[in-house]
Novice: 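Mind having a look at this structure? Questions to follow.
Atom set for the values below is all heavy atoms of this structure, side chains included, hydrogens, waters and symmetry mates excluded. Counting starts at 1 for both ligands and their atoms, in listed order.
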Amino acid sequence: MAVSVLLRPNAPAVGTEICHLDDIDEVGARGFSFGQGPESFDFFVVRHGGGIEGYVNDCPHTGGPLDWKPDQFLNVNKSLILCATHGALFRIEDGACIAGPCPGARLTPVPLEVRDGAILVGEVEA
Ligand code: FES
């Protein structure tokens with residue numbers, strides 16, 4: 001993460017509690033917004049296996065949101081992140097586009113950590 005995503009307008013500070021792990025299905029996703037209007041910081045959390053990943057809700061193809069309705073970020077079998085607009089598919093683990101109109105592009109990660117069952121904004125890796 002060369003430039004901190006957490007420097008964007010309305011991005012939550014490190015340590016901000018997002019939700020509890022149990023608020024997301026064992027394999028599932030949920031979207032969150034901080035702020036209002038065009039400057040809002042919109043991102044989503046994917047829970048998969050034993051891990052969680054966070055990404056800004058901007059598709060690298062057009063910059064629009066990925067979800068076609070709230071919290072719908074995954075394909076049918078919940079193995080990949082799906083952009084509803086033109087069908088791009090992204091690996092959950094690293095946000096890399098593996099199919100669709102933006103191959104090789106990546107979702108922008110949001111650092112997260114789990115502490116005592118809560119999902120918090122984590123430190124940005126250098
Ligand atoms: S906007 Fe996401 S695939 Fe086109």
Novice: Looking at atom 1 (S) of ligand 1, what's its closest protein heavy atom, distance included?
Specialist: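 Answer, as residue, atom name and distance: Thr62 OG1, 3.2 Å.
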
Novice: Give a yes or no on this: more than 12 heavy atoms of other residues, nucleotides or ligands lie within 6.0 Å of atom CD of Glu113.
Specialist: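 Counting other residues, nucleotides and ligands, CD of Glu113 exceeds 12 neighbours.
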
Novice: Between Ala84, Gly100, Cys83, flag the one that comes closest to atom 2 (Fe) of ligand 1 by a heavy atom.
Specialist: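 Going through Ala84, Gly100, Cys83 one by one, Cys83 has the nearest heavy atom to atom 2 (Fe) of ligand 1.
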
Novice: Start with the C-alpha gap between Phe90 and Cys59, add the side-chain angles, then the distance that decides, and say whether side-chain contact (heavy atoms from CB on, under 4.5 Å) holds.
Specialist: CA-CA 10 Å; Phe90 304 86; Cys59 180; 4.0 Å; yes

Novice: Applying a heavy-atom cut-off of 4.0 Å, say which part of Pro101 lies close to ligand 1: side chain, backbone, both or neither.
Specialist: side chain

Novice: What do the steps show when you test Phe32 against Phe44 for side-chain contact (heavy atoms from CB on, under 4.5 Å), and what is the final call?
Specialist: CA-CA 6 Å; Phe32 300 90; Phe44 61 99; 5.8 Å; no

Novice: Closer than 4.0 Å to some heavy atom of Cys59 - which atoms of ligand 1 meet that?
Specialist: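 In order of number, 1 (S), 2 (Fe), 3 (S).
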
Novice: For atom 3 (S) of ligand 1, which protein heavy atom lies nearest, and how many Å away is it?
Specialist: His86 CB, 3.4 Å

Novice: I'd like to check which ligand 1 atoms, numbered from 1 as shown, lie under 4.0 Å from a non-hydrogen atom of Ala88.
Specialist: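 Near Ala88, the atoms of ligand 1 are 3 (S).
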
Novice: Checking Leu21 now: which residues fulfil side-chain contact (heavy atoms from CB on, under 4.5 Å) with it, not counting sequence neighbours?
Specialist: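 side-chain contact (heavy atoms from CB on, under 4.5 Å) check on Leu21 returns Arg47, Ile52, Val114, Ile119.
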
Novice: Test of understanding: with side-chain contact (heavy atoms from CB on, under 4.5 Å), list the residues that count as partners of Val27, not counting sequence neighbours.
Specialist: Lys78

Novice: Should Leu107 and Val56 be marked as a side-chain contact (heavy atoms from CB on, under 4.5 Å) after you check the CA-CA gap, both sets of side-chain angles, and the distance that decides it?
Specialist: CA-CA 7 Å; Leu107 300 172; Val56 175; over 6 Å; no

Novice: So which N/O/S atom does His61 have closest to atom 4 (Fe) of ligand 1?
Specialist: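 In His61, the N, O or S atom with the shortest distance to atom 4 (Fe) of ligand 1 is ND1.
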
